[in-house]
Amino acid sequence: MPHSRRRRRTTGLAALVVSAAVAAVPLGLGAPAADAASAAQIRVDQAGFLSGEVKQAYLMTGAAASSVTFHVVDSAGATVLSGAVGGTSRGSWNKAYPDVYPITFSGLTAPGTYRLTVSGDAKATSPAFRVEAPAALYGKLVTDGVGFFQNQRDGSAVIPGALKRQPSHLDDAHADVYAWPKFAAGGSDTITDGDLKQIAGPVDVSGGWFDAGDFLKFTHTAALGDTLLLASQRALGSAAPASLDAEAHFGEQWLDKMWDQPTKTLYLQVGIGSGNAAGTFHGDHDLWRLPQKDDGDTATADRYAAAHRPVFEAAAPGKPISPNVVGRVSAAFALAAQVDAKSDPARAAAEFQAATSLYAQANTASPPKPLTTALPNAYYPESTWHDDMELGAAEIALAAQALDRSAAAYLGQAATWAKDYLASDTGDTFNLYDTSALAHADLLKAMAGAGNPSGLAVTPAALEADLKRQVQAGATNAGKDVFHAGGDYSDFDVDAHTFGFLTTEALYKQATGDASYDAFATEQRDWLLGANAWGTSFMVGEGSTFPDCMQHQVANISGSTDGKGPIDVGAVVNGPNNPSNFTGGLGDYQTGMTACPPGGADPFNAFTGHNSRFSDDVRSWQTDEPALDMTGSAVLGAALQESVAR
């Protein structure tokens with residue numbers, strides 16, 4: 001069964017149960033409880049907490065519990081803090097867990113490694129967690145997230161890493177360009193043409209990052225990923241790890257290949273997902289293999305899937321280009337110019353030129369319908385573009401200021417696009433399909449850098465209000481949710497949206513000085529890293545329980561299936577999703593897949609509830625596929641939270 005990659009625009013594991021004496025609790029790996037539905041569970045942020053922040057965990061019970069005591073136990077087995085578990089349940093999760101009680105232990109401030117235990121009407125022990133400084137807690141998320149991007153590298157400059165990556169798709173250095181194929185009706189990714197039609201080439205599109213668990217390379221998503229890395233580098237300044245700078249520039253170098261300035265051609269993607277209806281050629285999703293295998297694949301049907309991958313243009317050479325993709329690629333170039341302005345002015349000037357030359361090609365007069373993102377569009381069906389153009393213009397304005405050039409024209413354009421966004425596009429929050437939070441925050445910086453000139457189409461107050469709107473949307477949801485989740489875990493991309501809340505809260509705090517949403521940001525980090533119904537971190541390598549069976553070809557073939565061997569550290573998966581997306585089950589294993597989990601049993605099924613399911617299974621693209629945008633959101637969210645916590 002071919003794996004899939006379909007995501008739509010959205011708005012808006014189990015702890016190891018131990019009943020032994022507290023002093024005997026080891027600080028080892030957590031694991032889903034074998035009889036999860038019959039035992040109480042403690043859900044806690046497995047990555048840890050900052051000393052001075054609000055600390056809360058959750059106790060899931062099979063029946064009402066009126067008398068429960070919690071103990072915080074250090075690595076030596078000593079109790080350092082005790083108290084009563086709150087007597088009021090936050091609500092029911094599912095039939096097996098009709099009550100969820102908050103455990104507040106903010107009195108724990110000393111750095112160290114700990115566990116929570118409960119006794120009385122319920123008995124359970126949490127996974128281990130740490131109390132540590134912002135640079136340690138958030139710095140690990142940043143470094144590990146960058147590690148995922150490193151594992152996504154294509155071309156000759158791969159980094160072997162734990163998964164022993166090898167150079168791949170070397171023929172991308174002289175690839176042919178083809179006309180857009182036609183796809184079957186109804187949002188299908190099956191091509192109806194008998195063959196692809198070559199229109200140009202060869203071109204050098206080698207390098208770059210794989211978009212997700214497959215080996216496709218999309219300009220649309222790579223540009224956002226690079227923007228997120230570069231913005232993270234800017235936020236951390238001298239505290240940024242060297243790997244972040246290297247990886248951000250690696251991504252930028254590929255985008256520079258995708259934007260051919262002399263011919264004014266932006267290449268949209270490398271590769272195709274599925275083959276054609278006649279079966280005469282395959283696509284990437286029809287194969288399950290290591291990427292280096294493609295270079296030696298001589299099968300006729302695999303010609304477009306493997307060694308001779310097609311390249312597609314975003315628009316004909318010199319013609320106007322869909323503004324959403326223009327805005328975000330321009331933003332990436334302009335952010336690169338900002339971070340390089342002092343250390344390498346010549347390079348920054350070239351990056352600025354790339355940004356402005358592409359920005360000028362945006363088709364804002366009559367944007368295509370649907371907006372151009374990928375082929376097929378159903379992979380990434382974006383519906384807004386004013387936010388992307390605001391982002392591109394704001395970053396160019398900041399780059400101009402960093403290079404001592406006039407920023408006035410781009411400042412005015414950014415304000416105009418911001419006004420249009422506020423008039424028609426609000427409703428979403430920061431994620432792949434809405435970049436307005438970063439655009440607003442950086443437009444505010446550009447305005448301030450220009451002395452807050454009058455006469456712009458939007459005011460600082462309006463931008464700040466929309467940043468607050470986005471944070472408040474999540475905070476309102478969190479206030480009503482059993483586990484204080486701000487995102488919608490019954491739809492796609494909840495993890496990206498939730499890391500987006502970390503980004504937006506920090507941007508809003510930087511812009512206004514308002515720290516009233518700090519506890520909300522902590523709750524979102526907690527939910528992402530283990531304090532959720534499933535008791536898993538959704539970022540690989542963070543905490544003791546995290547996805548072992550991602551729908552990711554390299555991790556599946558070269559990595560471990562139990563988290564105890566090589567893993568794709570830093571990968572962020574899609575996260576919980578609506579059970580309706582699993583109608584008909586997960587299907588058969590694709591040829592070449594390593595069965596995971598071993599035996600096929602779903603260790604998280606007992607925790608399906610609130611119209612949401614999480615499945616850690618290699619076949620589960622609905623919940624278990626990582627991607628550049630999701631992990632990039634984690635990197636930026638962590639970097640900004642680290643910067644505001646200093």
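Remember, predicted model here, so these are calculated numbers, not experimental data.
- The two residues Phe501 and Gly474 make their nearest non-hydrogen contact at CZ-CA, 3.5 Å.
- Among residue pairs with one or both ends in residues 441-481, none qualify as ring pair (Phe, Tyr, Trp, His ring centres under 6.0 Å); sequence neighbours excluded.
- In this structure, the side chains of Met539 and Leu528 stay at 4.5 Å or more apart for every pair of heavy atoms.
- The side-chain contact (heavy atoms from CB on, under 4.5 Å) test with Phe499 singles out one residue from Thr631, Val572, Val494, and that residue is Val572.
- The side-chain heavy atoms of Glu382 and Asp388, taken from C-beta on, include a pair separated by under 4.5 Å.
- Counted within 6.0 Å of NZ on Lys264, heavy atoms from surrounding residues, nucleotides or ligands total 12 or fewer; the atom is thus considered open.
- Scanning both residues, Leu507 and Ala437, for their nearest heavy atoms gives CD1-O, 3.7 Å.
- A distance-only check finds a donor-acceptor pair linking the side chain of Thr219 to the backbone of Tyr267 [under 3.5 Å].
- Shown here is Lys257, whose NZ atom has more than 12 heavy atoms of other residues, nucleotides or ligands within 6.0 Å.
- Taking all atoms of both residues into account, the shortest heavy-atom contact from Arg234 to Lys445 is NH2-NZ, 3.8 Å.
- Between Lys468 and Val471, every side-chain heavy-atom pair lies at or beyond the 4.5 Å cut-off.
- The only option from Gln470, Glu390, His386 that meets the side chain to side chain donor-acceptor pair (under 3.5 Å) definition with Ser436 turns out to be Gln470.
- Using modelled atom types, one side-chain atom of Thr356 and one backbone atom of Gln353 make a donor-acceptor pair closer than 3.5 Å.
- Side-chain atoms of Arg90 come within 3.5 Å of backbone atoms of Val482 as a donor-acceptor pair (strictly under, hydrogens ignored).
- The shortest distance between side-chain heavy atoms of Asn574 and Gln622 does not fall below 4.5 Å.
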Give the C-alpha distance, both sets of side-chain angles, the deciding distance and a yes or no for side chain to side chain donor-acceptor pair (under 3.5 Å) between Glu464 and Thr512. CA-CA 7 Å; Glu464 291 172 2; Thr512 66; over 6 Å; no
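- The two atoms that bring Pro547 and Ser537 nearest to each other are CD-O, 3.1 Å, heavy atoms only.
- In this structure the side chain of Glu313 never reaches within 4.5 angstrom of the side chain of Tyr178, judged on heavy atoms.
- For the pair Glu542 (side chain) and Leu141 (backbone), a donor-acceptor distance under 3.5 Å is absent.
- Between Glu505 and Arg525 there is no salt bridge, since no side-chain nitrogen of the basic residue lies less than 4.0 Å from a carboxylate oxygen of the acidic one.
- Scanning for ring pair (Phe, Tyr, Trp, His ring centres under 6.0 Å) contacts around Phe538 gives Trp527, Phe614, with sequence neighbours left out.
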Full working for side chain to side chain contact (heavy atoms under 4.5 Å, CB included) between Asn324 and Tyr380: CA-CA 12 Å; Asn324 56 310; Tyr380 291 110; over 6 Å; no
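- A heavy-atom distance below 4.5 Å is found between the side chains of His285 and Leu216.
- Side-chain contact between Leu244 and Leu229 is present, with at least one heavy-atom pair separated by less than 4.5 Å.
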Go through Phe149 and Phe250 one step at a time and tell me if the ring-ring contact (aromatic ring centres under 6.0 Å, His included) criterion holds. CA-CA 10 Å; Phe149 278 79; Phe250 176 84; over 10 Å; no
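- Under the 4.5 Å side-chain criterion, counting only non-hydrogen atoms from C-beta, His552 is not in contact with Val573.
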